[in-house]
Novice: 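For reference, the structure I am asking about is given below.
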Amino acid sequence: MSINESLSDRILKGFFYAAILLFSIYCLIPFWSVVASSLTSEASLVKNGYMIWPIDFSLDAYKLIFRDSTIYKSYGVTTFVTVVGTALSMIFTSAMSYTLSVKSVKYRNHMAFYIYFTMLFQGGLVASYLLISKYLDMKDTIWVLIVPGMLSAWNMFLLRNFFASIDESIAESAKIDGANDAYILFKIILPISLPAIATIGLFYALGYWNKWFDAMLYINNKDLFPLQYLIQRIMNNLDYINQVSADVTLPNFIPPAMTVRLATTVVTIGPIVFLYPFLQKYFVKGLMVGAVKG
Amino acid sequence: MSNTTVQQVAIKSEVESRKKRGPFASFIYEIVKNKFLYLLALPGMLWFFVFAYLPMVGIIIAFQDFKAMKGIFGSEFVGLRNFQFFFRSGDWIQIVTNTLFLNTLFIIFNTAAAVFIAVMVTEVSGKWFKKVTQSVMIFPHFLSWTVVAMFVMAFVATDGGFINQFLSLFGIESIQFLASPQYWPFILVLLKIWHGAGFGSIVYMATISGINPEIYESASIDGASRLQKIRFITLPLLKPTVILLTILAVGGIFNGDFGMIYAIVGRNPLLYPTTDVIDTYLFRSMMDLGDMSMSAAIGFLQSLVGFILVLTVNSIAKKVAPESAIF
């Protein structure tokens with residue numbers, strides 16, 4: 001720690017502070033303004049445009065969306081997909097990674113290559129689309145949001161490297177004492193691997209929560225729209241808005257097109273904001289480990 | 001007791017390795033020996049077979065005149081006709097250019113921003129300040145592009161969007177962003193940085209934190225200024241990581257960021273000239289035009305070029321930083 005920082009050093013440091021502050025505001029403003037703009041009346045939004053602080057505070061948009069069943073259905077779909085999907089992904093990814101990490105498994109490098117190749121070359125959207133919609137007939141089912149994206153080769157290699165870094169002597173001494181593979185995995189390896197598996201789980205969970213492309217391709221049933229896809233739909237058409245405000249009979253009522261869209265967006269992000277400190281810690285840690293290991 | 005057990009294990013494996021086995025028998029032997037472990041991996045292997053390898057069979061559609069009624073095995077084989085059609089139409093020039101141009105901009109600016117942020121955050125002090133600003137800067141990464149599209153509306157909307165509100169303060173006329181393709185490469189790059197620079201800076205910060213602090217101390221003793229330390233210590237030591245990540249990113253340069261572009265631009269034909277990439281074009285010809293053969297052909301080209309590129313890029317990366325190979 002230098003005691004006498006030169007003037008130019010301090011100016012530079014000050015510049016850094018300012019730049020970081022500006023970039024942070026840049027990151028925050030879109031989110032903030034959407035929240036603020038959702039908390040006004042539609043009339044105010046039309047008149048004043050988007051704002052950083054609600055002019056004419058109003059919870060109308062939120063009241064409307066919470067009275068209608070759509071948001072609950074979408075929340076249900078997204079929650080189910082995230083919980084079930086993450087569980088399945090974690091189980092099967094861990095299972096495969098573990099096998100690939102055990103040195104005495106003779107074909108593990110062959111299997112690793114088999115998986116690695118899928119990262120290099122893909123069959124393309126058309127083929128996948130036909131496979132899933134025509135041959136597997138998964139359209140308009142909730143499983144189409146879970147199964148096709150269930151495993152990630154990338155996450156699998158991350159976990160494999162983690163398992164491989166666990167000291168072999170632990171497993172070896174257990175083997176000498178007569179333990180079989182299952183015992184070693186469940187009673188010895190898994191308990192110490194829980195943080196790593198949880199991190200991978202969070203990576204998957206975020207992917208499931210934010211998923212919308214698969215819904216766009218394969219889901220037409222309104223009751224099965226996940227949250228992110230709902231947002232996309234309401235950006236482009238007014239059915240939802242009309243449905244949500246269909247039975248309002250106030251005089252001078254302006255259908256709350258924009259505020260409802262904004263409110264829905266805010267409600268969608270809600271869980272991420274609440275869980276954010278938790279998410280951030282694990283993601284950063286997972287990324288660092290992954291980066292350092294390559 | 002453990003002595004004899006160890007001896008027993010040793011003798012047993014010696015005896016086993018001396019047995020002569022044909023290749024098939026040794027395959028079975030291996031599976032049986034580690035049957036629990038192979039069983040564990042089986043679901044995953046099956047999944048990759050169904051969802052990654054089976055679609056590869058569908059590549060044949062690129063060479064067919066595909067009719068949904070007839071399916072893959074009934075449609076007529078037409079060789080390279082779909083490809084000829086694609087190249088002759090001239091559309092390919094625009095989408096390939098857009099894909100490469102946008103991705104290049106993304107790689108350059110995202111990397112620059114991430115490095116900038118990493119350097120700046122490590123140079124400032126104040127634990128609370130660093131923690132809060134880092135949390136804020138990483139936050140955008142967790143939002144899906146459909147949500148971000150809403151945010152973008154708040155900025156570029158013709159009536160009441162922030163940018164136009166700002167312009168009207170100076171009496172400048174509103175810009176119709178949604179009808180003006182020329183602004184969008186710029187907007188997309190800004191969005192990409194907003195979304196990814198904070199998260200991307202984490203890796204660089206990890207690298208910087210691994211630099212031996214004694215190097216900085218001896219530089220201070222020699223009278224180096226902060227700027228000089230950054231220029232001559234921090235940046236050069238970041239170079240390998242930057243080069244590696246950039247090389248790997250180039251491997252995906254033919255893959256447009258469909259998620260971002262479709263969510264934000266959607267089906268707005270006015271913006272296609274500067275924002276339509278290979279992936280969005282492919283998507284539209286599949287879903288809107290129902291032209292499976294053409295889409296399959298484009299997809300195949302993209303996968304093929306991507307494959308060659310990734311192999312090339314990975315071998316270069318291996319030479320630059322051998323410890324970072326996947327396996």
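Proteins get letters first, then strands, A, B, ... in listed order; numbering begins at 1 in each.
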Novice: For B:Met153, is it the side chain, the backbone, both or neither that has a heavy atom under 4.5 Å from a heavy atom of chain A?
Specialist: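 Interface part for B:Met153: both.
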
Novice: Under a 3.5 Å threshold, yes or no: a donor from one side chain and an acceptor from the other, between A:Arg160 and A:Tyr98?
Specialist: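 The criterion, which ignores hydrogens and geometry beyond distance, is not satisfied for A:Tyr98 and A:Arg160.
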
Novice: Tell me the closest heavy-atom pair linking B:Ile117 and B:Gly198, and the distance in Å.
Specialist: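 Reported closest heavy-atom pair: CD1-N, 4.3 Å.
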
Novice: Heavy-atom distance under 4.5 Å to chain B: side chain of A:Lys175, backbone, both or neither?
Specialist: neither

Novice: For the residue pair A:Tyr50 and B:Gln165, what are the closest heavy atoms and their distance?
Specialist: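 Smallest interatomic distance, heavy atoms only, reads O-NE2, 2.8 Å.
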
Novice: Is chain B contacted by the side chain of A:Leu206, its backbone, both, or neither, given a heavy-atom distance below 4.5 Å?
Specialist: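 Side chain of A:Leu206 only, per the 4.5 Å heavy-atom cut-off to chain B.
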
Novice: Give, as side chain, backbone, both or neither, the part of A:Ile132 having an atom under 4.5 angstrom from any heavy atom of chain B.
Specialist: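 Only the side chain of A:Ile132 comes within 4.5 Å of chain B.
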
Novice: Nearest heavy-atom pair of A:Ser89 and A:Tyr208: which atoms, and what distance?
Specialist: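 What the structure gives for the nearest pair is OG-OH, 2.7 Å.
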
Novice: Would you say CZ of B:Phe129 has more than 12 non-hydrogen atoms from neighbouring residues, nucleotides or ligands within 6.0 angstrom?
Specialist: yes

Novice: Just say parallel, tilted or perpendicular for the rings of A:Phe157 and A:Tyr116, cut-offs at 30° and 60°.
Specialist: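 Perpendicular: the ring planes of A:Phe157 and A:Tyr116 meet at over 60°.
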
Novice: Does either side chain, that of B:Ser220 or that of B:Lys229, offer a donor lying less than 3.5 Å from an acceptor on the other one?
Specialist: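 The answer is yes; a qualifying pair exists.
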
Novice: Looking only at heavy atoms, what is the nearest atom pair of B:Phe283 and A:Met216, with distance?
Specialist: CZ-CE, 3.4 Å

Novice: Which one wins on heavy-atom pair count under 4.5 Å against chain A: B:Ile61, B:Val310, B:Leu143?
Specialist: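 If we count pairs closer than 4.5 Å to chain A, B:Leu143 comes out on top.
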
Novice: How many angstroms lie between atom OG of A:Ser128 and atom CG of A:Leu136, to the nearest 0.5 angstrom?
Specialist: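 Going from OG on A:Ser128 over to CG on A:Leu136, the span is 10.5 Å.
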
Novice: With only heavy atoms counted, which part of B:Trp47 is less than 4.5 Å from chain A, the side chain, the backbone, both or neither?
Specialist: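 Interface part for B:Trp47: side chain.
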
Novice: Report which part of B:Phe36 has an atom under 4.5 Å of a heavy atom belonging to chain A: side chain, backbone, both, or neither.
Specialist: side chain

Novice: Between A:Phe31 and chain B, with a heavy-atom cut-off of 4.5 Å, which part of the residue counts as in contact: side chain, backbone, both or neither?
Specialist: both

Novice: Sort B:Ile163 into side chain, backbone, both or neither according to what part of it lies under 4.5 angstrom from a heavy atom of chain A.
Specialist: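 Contact with chain A involves no heavy atom of B:Ile163 at all.
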
Novice: Please state whether the side chain, the backbone, both or neither of A:Leu227 comes within less than 4.5 Å of a heavy atom of chain B.
Specialist: neither

Novice: With a 4.5 Å heavy-atom cut-off, do A:Met138 and A:Val147 have their side chains touching?
Specialist: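 The answer is yes, as the side chains (C-beta and beyond) meet within the 4.5 Å cut-off.
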
Novice: Under 4.5 Å from any heavy atom of chain B, what part of A:Met150 do you find: side chain, backbone, both or neither?
Specialist: both

Novice: Can you tell me which portion of A:Leu151 sits under 4.5 Å from chain B's heavy atoms? Options are side chain, backbone, both or neither.
Specialist: both

Novice: Please flag which part of B:Val132 lies under 4.5 Å from any non-hydrogen atom of chain A: side chain, backbone, both or neither.
Specialist: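 Answer is neither: B:Val132 stays 4.5 Å or more from chain A.
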
Novice: Where does A:Asn48 contact chain B at under 4.5 Å (heavy atoms): side chain, backbone, both or neither?
Specialist: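 When you check distances to chain B, only backbone atoms of A:Asn48 fall under 4.5 Å.
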
Novice: Which bit of B:Ala157 is near chain A, if near means a heavy-atom gap under 4.5 Å: side chain, backbone, both or neither?
Specialist: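 Side chain only.
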
Novice: Would you please classify the geometry between the B:Phe199 ring and the B:His141 ring as parallel, tilted or perpendicular, with 30° and 60° separating the classes?
Specialist: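 Judged by the thresholds at 30° and 60°, the geometry between B:His141 and B:Phe199 is parallel.
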
Novice: Mind running side-chain contact (heavy atoms from CB on, under 4.5 Å) on A:Arg108 and A:Lys103 for me, showing each step along the way?
Specialist: CA-CA 8 Å; A:Arg108 67 186 186 115; A:Lys103 297 210 171 52; 3.9 Å; yes

Novice: Is it the backbone or the side chain of A:Tyr17 that comes under 4.5 Å from a heavy atom of chain B, or both, or neither?
Specialist: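 Interface part for A:Tyr17: both.
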
Novice: State the OG-CG distance between A:Ser38 and A:Leu262, to the nearest 0.5 angstrom.
Specialist: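 These two atoms lie 6.0 Å from each other.
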
Novice: Checking B:Leu311 against chain A: side chain, backbone, both or neither under 4.5 Å from a heavy atom?
Specialist: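 B:Leu311 touches chain A through side-chain heavy atoms alone.
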
Novice: Picking from B:Leu245, B:Leu282, B:Val147, B:Leu227, which has the most non-hydrogen pairs under 4.5 angstrom with chain A?
Specialist: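 Most heavy-atom pairs within the cutoff with chain A belong to B:Val147.
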
Novice: For A:Leu217, which atoms come within 4.5 Å of any heavy atom of chain B: side chain, backbone, both, or neither?
Specialist: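 Looking at A:Leu217, backbone and side chain both touch chain B.
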
Novice: Report which part of A:Thr93 has an atom under 4.5 Å of a heavy atom belonging to chain B: side chain, backbone, both, or neither.
Specialist: neither

Novice: Out of B:Met292, B:Met120, B:Met56, B:Gln302, return the one with the most heavy atom pairs under 4.5 angstrom to chain A.
Specialist: B:Met120

Novice: In terms of ring plane angle, is the pair A:His110 and A:Tyr107 parallel, tilted or perpendicular, where the classes change at 30° and 60°?
Specialist: perpendicular

Novice: Heavy-atom pairs under 4.5 Å with chain A are the metric here; pick the option from B:Ala52, B:Gly251, B:Ser125 that has the most.
Specialist: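 Going by pairs under 4.5 Å, I would pick B:Ser125.
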
Novice: Taking atom CG of A:Asn109 and atom CG of A:Leu100, what is their separation to the nearest 0.5 Å?
Specialist: 8.5 Å

Novice: With a 4.5 angstrom heavy-atom cut-off, could you sort out which part of A:Leu120 is near chain B: side chain, backbone, both or neither?
Specialist: both

Novice: Is chain A contacted by the side chain of B:Val152, its backbone, both, or neither, given a heavy-atom distance below 4.5 Å?
Specialist: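 Neither part; nothing is under 4.5 Å.
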
Novice: Measure B:Phe49 against the heavy atoms of chain A and call it side chain, backbone, both or neither at under 4.5 Å.
Specialist: both

Novice: At a heavy-atom distance under 4.5 Å, which candidate from B:Pro213, B:Ser303, B:Ser293 has the highest pair count against chain A?
Specialist: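 So the answer, after comparing B:Pro213, B:Ser303, B:Ser293, is B:Ser303.
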
Novice: Which atoms of A:Val105 are under 4.5 Å from chain B, going by heavy atoms: the side chain, the backbone, both sets, or neither?
Specialist: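 For A:Val105, backbone and side chain are both near chain B.
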
Novice: Does A:Phe213 have its ring centroid less than 6.0 Å away from the ring centroid of A:Tyr229?
Specialist: no

Novice: Once you measure the plane-to-plane angle for B:Phe139 and A:Tyr276, does it fall in the parallel (<30°), tilted (30-60°) or perpendicular (>60°) bin?
Specialist: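 Ring orientation, 0 to 90° scale: perpendicular.
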
Novice: Pick one of side chain, backbone, both or neither for B:Leu54, based on which atoms fall under 4.5 Å of a heavy atom in chain A.
Specialist: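 It is the side chain, since no backbone atom gets that close.
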
Novice: If you tally heavy-atom pairs under 4.5 Å against chain A, which of B:Met45, B:Glu123, B:Met287, B:Lys35 wins?
Specialist: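 Going by pairs under 4.5 Å, I would pick B:Met45.
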
